[in-house]
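Below, chain A is the first sequence line, B the second, and so on; all start at residue 1.
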2 protein chains.
Amino acid sequence: MVIDHAKPDLLAALEDLGQRMTRPRVRLARYLETKPEAFSAEDVNTELPSVGRATIYRTLKLLVEAGALCKTAMPDGSPLYKVDYAVHHHHIVCTSCGKVDEFRHPAVERMFRAMRKEIPGEIVGHRLEVFVICVNCKDARGRASA
Amino acid sequence: MVIDHAKPDLLAALEDLGQRMTRPRVRLARYLETKPEAFSAEDVNTELPSVGRATIYRTLKLLVEAGALCKTAMPDGSPLYKVDYAVHHHHIVCTSCGKVDEFRHPAVERMFRAMRKEIPGEIVGHRLEVFVICVNCKDARGRASA
DNA sequence: CTCATTGCAAATGGTTTGCATTGGG
DNA sequence: CCCAATGCAAACCATTTGCAATGAG
């Protein structure tokens, strides 16, 4: 059910939006494509000092609009970005290490179909996140307290 | 499926947490109990000038911990509070007027049960919001463009 | 009385903006 | 060339915090 990674193409996504291929954007795209894990805007700002903070925020927003990146959030609401590997999915966020996995499950689609029929008004979107302590973090705890 | 309102008791919730019943807290609780709709912390700060901003933020946090208030968010992530009327539920947020309804649906519980079996790691929480254009807003649009 | 709580005002921190400069097409 | 895009620094703004004064138990 957890979805395997596929190759993203962030530059193509920007091109689709009719955006110019500037040097900072290419740098950002290349950098993000190497990132298997979720990250915050500030992470990028720290790890990619050759691109200005404003450009990072502006480009992340573009990439989310383009559907190449998705924006989740920790339980406290602080935003988390992740390169988008699957068409339609939701997120499993480890509250301990911040790792984000994508998942898809028939029960989820079933649920939304059922709700669509019964909720008054027009459904325009949704947000679904599952918070976990991932197996790695769980193991680490076991070891620490042993 | 949309849940009907019942009477909340915010003061009791604070008492359960072993908190003192101070004047500002009583004022806040009374005020919130009259609010049928969702609100932001800043809304309260504006509409209840007799209570300091810091106390408002501190008390809202307490009430969320106590389970008397729940914290949702708009699609852009800006937080929204709402008096909690049902035991376990999720939210339908109108992106046009900000109205928040509570709902509960067997398909939702089924979905989480199914996921619990298949997700690696221990599930510690979740977030589910459905964004809609509510019937009122839809009507208003129809009238405007007619 | 004592210590939790308050309220102010200042600090914080992530995000956005104004504007002169740069560089892609 | 021209205008979109950049980068810096300042502005923003919701939220948090330090601390002296207050008041609940």
Output yes when at least one side-chain N/O atom of A:S40 is less than 4.0 Å from OP1 or OP2 of C:dG14, else no.
no
Whole-Å gap separating C1' (C:dT6) and CG (B:L28)
12 Å
Would you indicate, yes or no, if C:dT5 has its OP1 or OP2 atom less than 4.0 angstrom from a side-chain nitrogen or oxygen of B:Q19?
yes
Answer whether the closest heavy-atom distance between the side chains of A:C97 and A:E37 falls below 4.5 Å.
no
Nearest heavy-atom contact between B:P75 and A:R127 is O-NH1, 3.7 Å
Please state how far atom CG in B:D76 lies from atom C1' in C:dT15, giving the value in whole angstrom units.
12 Å
Distance, rounded to the nearest Å, where B:L60 contributes CG and C:dT6 contributes P
12 Å
Of the candidate nucleotides D:dG7, C:dT16, D:dT15, which contains the atom at the shortest distance from the side chain of A:K61?
C:dT16
Across the strands shown, which category fits A:T59 at heavy-atom distances under 4.0 angstrom: base, sugar-phosphate, nothing?
nothing
Ranking A:R23 and B:K71 by the position along DNA chain D of their nearest nucleotide, the one closer to 5' is A:R23
D:dT6, OP1 or OP2 - any side-chain N/O from A:R25 closer than 4.0 Å?
yes
Is any side-chain heavy atom of A:R25 less than 4.5 Å from a side-chain heavy atom of A:L11?
no
Kindly say if A:T22 contacts the phosphate of C:dG24, meaning a side-chain N or O under 4.0 Å from OP1 or OP2.
no
Judged by each residue's nearest nucleotide on DNA chain C, which is more toward the 5′ side, B:A54 or B:R20?
B:R20
Atom-pair distance (CG on B:L48; C1' on C:dT6), nearest Å
14 Å
Phosphate contact (D:dT16 OP1 or OP2) by B:Y57 side-chain N/O below 4.0 Å:
no
Using whole Å, what does the distance between atom P of nucleotide C:dC3 and atom CE of B:M21 come to?
23 Å
Aromatic ring proximity B:H105/B:H90, centre distance under 6.0 Å:
no
To the nearest Å, give me how far apart CD (B:E15) and P (D:dA24) are.
15 Å
Tell me if the side-chain of B:R58 makes a donor-acceptor pair with the base of C:dG7, cut-off 3.5 Å, by modelled atom types.
yes
B:L60 versus B:I56: any side-chain heavy-atom pair under 4.5 Å?
yes
For A:R53, which contact category applies under a 4.0 Å heavy-atom criterion: base, sugar-phosphate, or nothing?
base
